[in-house]
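Hydrogens, waters and symmetry mates play no part in the numbers below; they use all other heavy atoms, side chains included. Chain letters run A, B, ... following the sequence lines, proteins first, then strands; residues in each count from 1. Given the structure is predicted, the values throughout are model-derived calculations rather than measurements.
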Amino acid sequence: MSVDSNMGSHRVVKWFHDYADDIEAVSIHYVLTAVDEAPDWNNARATRYMPLLDESLRMKELRLPLSISDSQGRPSSRYALHYYFEICQGGDRHYSQLYSEEVVTEPKEGLGTDVDRPGHEAERG
Amino acid sequence: MNPGRISWLGGGADSSQRWLAYRGDLEGASLRLHYGFDGWQEPIQEVRMETVEPGLAVAEIDRLAGHIALDCVVGCGDEWDNNGGVDYRLWIGFDALDAHLHVSGGGLGALGIRSLGMAMASAGIVAGVSSWIDNRALDRVDLIAAHLFPLVWIRPGGTSIAEVKRRLANGAVGLKLHPTVDDYPADDPRLDSYMDLVARVGCPVACHSAPGDADPDHIRRLAERYPETPVILYHTYLGPEEGRLRALEHALEQPNLYLETSWCRWQMVRRLIDGVGADRILFGSDASIDGPSHYHRQPPNVEGFETYNDGLLALVKSLDRETARKVMGDNARRLFNLNGDSHG
């Protein structure tokens with residue numbers, strides 16, 4: 001995952017490697033919550049299509065907020081990103097496992113960019 | 001058994017007696033049509049079907065006057081062709097065209113072409129306007145055989161103008177925008193090069209409408225920049241009623257905005273028709289997102305309260321014949337420059 005400060009939002013890059021020839025589309029569904037809170041998929045979900053960069057590698061940059069409110073209503077630059085992939089394959093929809101990770105949006109000067117290896121999620125899914 | 005196909009033969013949409021054709025696997029001396037009108041209302045009837053040639057049988061149906069739809073299955077001995085369990089429907093007086101369909105390719109799943117065909121047959125949909133998030137998927141489908149007219153899915157900065165030109169030249173009938181999943185506001189200036197192109201070609205743009213980047217406020221601003229191009233609000237706002245009524249207000253003030261009805265309950269569709277006029281409303285369903293039973297899935301999938309098939313019966317019953325024809329297909333045929341009207 002890579003998280004960068006950029007114009008009032010934070011950029012999180014997600015990759016997906018098509019593992020079969022008959023994959024027709026891939027979308028990422030995600031929800032942001034305070035750390036340790038459960039995601040409300042029914043009311044807070046966002047969905048983004050993952051476009052192909054080449055024949056089988058997909059990438060989407062998620063623009064996330066600098067902070068979200070924690071359970072006490074205080075803005076927090078540490079929060080959780082919950083996400084999964086929806087894969088359309090052969091006319092059917094399949095879903096990856098659910099992933100959750102912590103996002104820290106404070107500037108991390110001097111740190112290198114930590115980018116997922118391509119196909120990381122697909123391999124886990 | 002492979003699902004068959006049921007259709008009216010010839011014109012005469014307004015006559016009280018018509019020939020019906022069945023093209024399918026069932027055949028034999030006891031081939032018969034089992035049917036009812038207007039959502040299987042009693043009395044349920046049967047009529048013997050006459051085999052014209054292998055795979056084609058016909059039946060003459062009378063007493064159509066006063067009805068709006070025929071629902072049916074085909075039987076032969078103990079065997080039934082009930083379209084995979086979702087039955088067949090034909091509308092009486094018009095051929096319905098769905099202005100909002102999706103097909104992901106030739107696969108056998110819910111989003112594949114076979115599933116969509118079954119769903120369309122279950123709702124009396126004879127043709128439709130279809131798109132998919134990856135344009136290449138439609139290249140793998142025989143769209144003509146399926147009676148589908150494709151849109152070009154536009155991803156600003158990602159879809160080349162050359163590809164759009166090529167697809168429009170090869171049969172695509174308009175553009176599809178989905179600002180939500182593709183992450184851009186509907187009035188994004190990066191759309192202008194595509195909009196300039198369709199303004200020259202003279203075809204419409206269909207845009208997903210929903211809270212956020214696909215809000216009708218954004219879509220109106222796009223329509224204002226291109227007043228000669230029809231801009232269709234798919235779903236007429238996929239969200240709370242406030243947004244639907246705001247979309248209606250925009251349509252009233254911006255004459256190149258059109259409202260498509262997928263996921264709207266029939267009373268809301270009626271309200272839209274009454275509000276902006278029948279010429280600006282297009283029936284659509286988003287099929288077959290819910291698979292072969294998309295139009296009459298249980299539990300109901302239209303806001304959890306009604307099925308498309310039930311809602312359409314109520315809607316069409318509430319409209320005069322000419323208004324029903326416009327909303328159920330003729331407006332889409334006009335906007336997308338398709339052939340003729342629905343009741344030749």
Enquirer: Heavy-atom count check: over 12 atoms from other residues, nucleotides or ligands less than 6.0 Å from Asp54(A) CG?
Expert: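 Yes - once you tally the heavy atoms of other residues, nucleotides and ligands closer than 6.0 Å, there are more than 12.
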Enquirer: Go through the atoms of Arg136(B) and report whether side chain, backbone, both or neither lie under 4.5 Å from a heavy atom of chain A.
Expert: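 It is the side chain, since no backbone atom gets that close.
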Enquirer: Does some side-chain heavy atom of Cys88(A) sit less than 4.5 Å from a side-chain heavy atom of Leu111(B)?
Expert: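 Leu111(B) vs Cys88(A): side chains touch.
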Enquirer: On a heavy-atom basis, which atom in Ser104(B) and which in Gly91(A) lie closest, and how many Å separate them?
Expert: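 Smallest interatomic distance, heavy atoms only, reads OG-CA, 3.4 Å.
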Enquirer: What residue, out of Gly112(B), Gly212(B), Ala110(B), has the most heavy-atom pairs lying under 4.5 Å from chain A?
Expert: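 Option with the top pair count is Ala110(B).
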Enquirer: Any salt bridge between Asp182(B) and Arg48(A), counting N to O under 4.0 Å?
Expert: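 The answer is no: the pair does not qualify as a salt bridge.
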Enquirer: With sequence neighbours left out, what residues match Ala186(B) under side-chain contact (heavy atoms from CB on, under 4.5 Å)?
Expert: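 Ala186(B) satisfies side-chain contact (heavy atoms from CB on, under 4.5 Å) with Pro179(B), Cys207(B), His218(B), Ile219(B) only.
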Enquirer: Would you find more than 12 non-hydrogen atoms of other residues, nucleotides or ligands less than 6.0 Å from Gln298(B) atom CD?
Expert: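 More than 12 within 6.0 Å, yes.
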Enquirer: For the pair Arg93(A) (side chain) and Ile289(B) (backbone), establish whether a donor and an acceptor sit closer than 3.5 Å, ignoring hydrogens and angles.
Expert: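 Answer holds: yes.
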Enquirer: Counting heavy-atom pairs under 4.5 Å to chain A, which of Gly107(B), Gly106(B), Ser288(B), Gly105(B) comes out on top?
Expert: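 The residue among Gly107(B), Gly106(B), Ser288(B), Gly105(B) with the greatest pair count is Gly107(B).
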Enquirer: Working to the nearest 0.5 angstrom, can you tell me the gap between Leu108(B) CG and Asp92(A) CG?
Expert: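 Result: 8.5 Å between the selected atoms.
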Enquirer: Taking everything shown except Arg45(A) itself, do over 12 heavy atoms lie less than 6.0 Å from its CZ?
Expert: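 Yes, enclosed.
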Enquirer: Go through the atoms of Ser115(B) and report whether side chain, backbone, both or neither lie under 4.5 Å from a heavy atom of chain A.
Expert: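 The answer is neither part of Ser115(B).
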Enquirer: Would you check if Glu24(A) and Val103(B) make a side-chain contact, meaning some heavy-atom pair closer than 4.5 Å?
Expert: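 No, too far: nothing below the 4.5 Å cut-off.
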Enquirer: If we only count heavy atoms from C-beta on, is the Asp134(B) to Tyr49(A) side-chain gap below 4.5 Å?
Expert: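 Yes, at least one pair of side-chain atoms sits under 4.5 Å.
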Enquirer: Does any backbone or side-chain atom of Leu52(A) lie under 4.5 Å from a heavy atom of chain B? Answer side chain, backbone, both or neither.
Expert: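 It is the side chain, since no backbone atom gets that close.
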Enquirer: Atom CE in Met50(A), atom CD1 in Ile133(B): separation rounded to 0.5 Å?
Expert: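 Met50(A) atom CE to Ile133(B) atom CD1 measures 11.5 Å (nearest 0.5 Å).
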Enquirer: CG of Asn170(B): more than 12 outside heavy atoms within 6.0 angstrom?
Expert: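 Atom CG in Asn170(B) is packed in, count exceeds 12.
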Enquirer: Measure Gln89(A) against the heavy atoms of chain B and call it side chain, backbone, both or neither at under 4.5 Å.
Expert: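 Interface part for Gln89(A): neither.
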Enquirer: Using a 6.0 Å cut-off, check whether atom CZ of Phe305(B) has over 12 heavy atoms from anything other than its own residue.
Expert: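 No, CZ of Phe305(B) has 12 or fewer neighbouring heavy atoms, counting only those of other groups under 6.0 Å.
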Enquirer: With chain A as the partner chain, list the residues of residues 140-167 of chain B whose heavy atoms fall under 4.5 Å from it, by residue number, and write 'none' if nothing qualifies.
Expert: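 Residues Arg140(B), Arg155(B) are the ones that qualify, each having a heavy atom under 4.5 Å from chain A.
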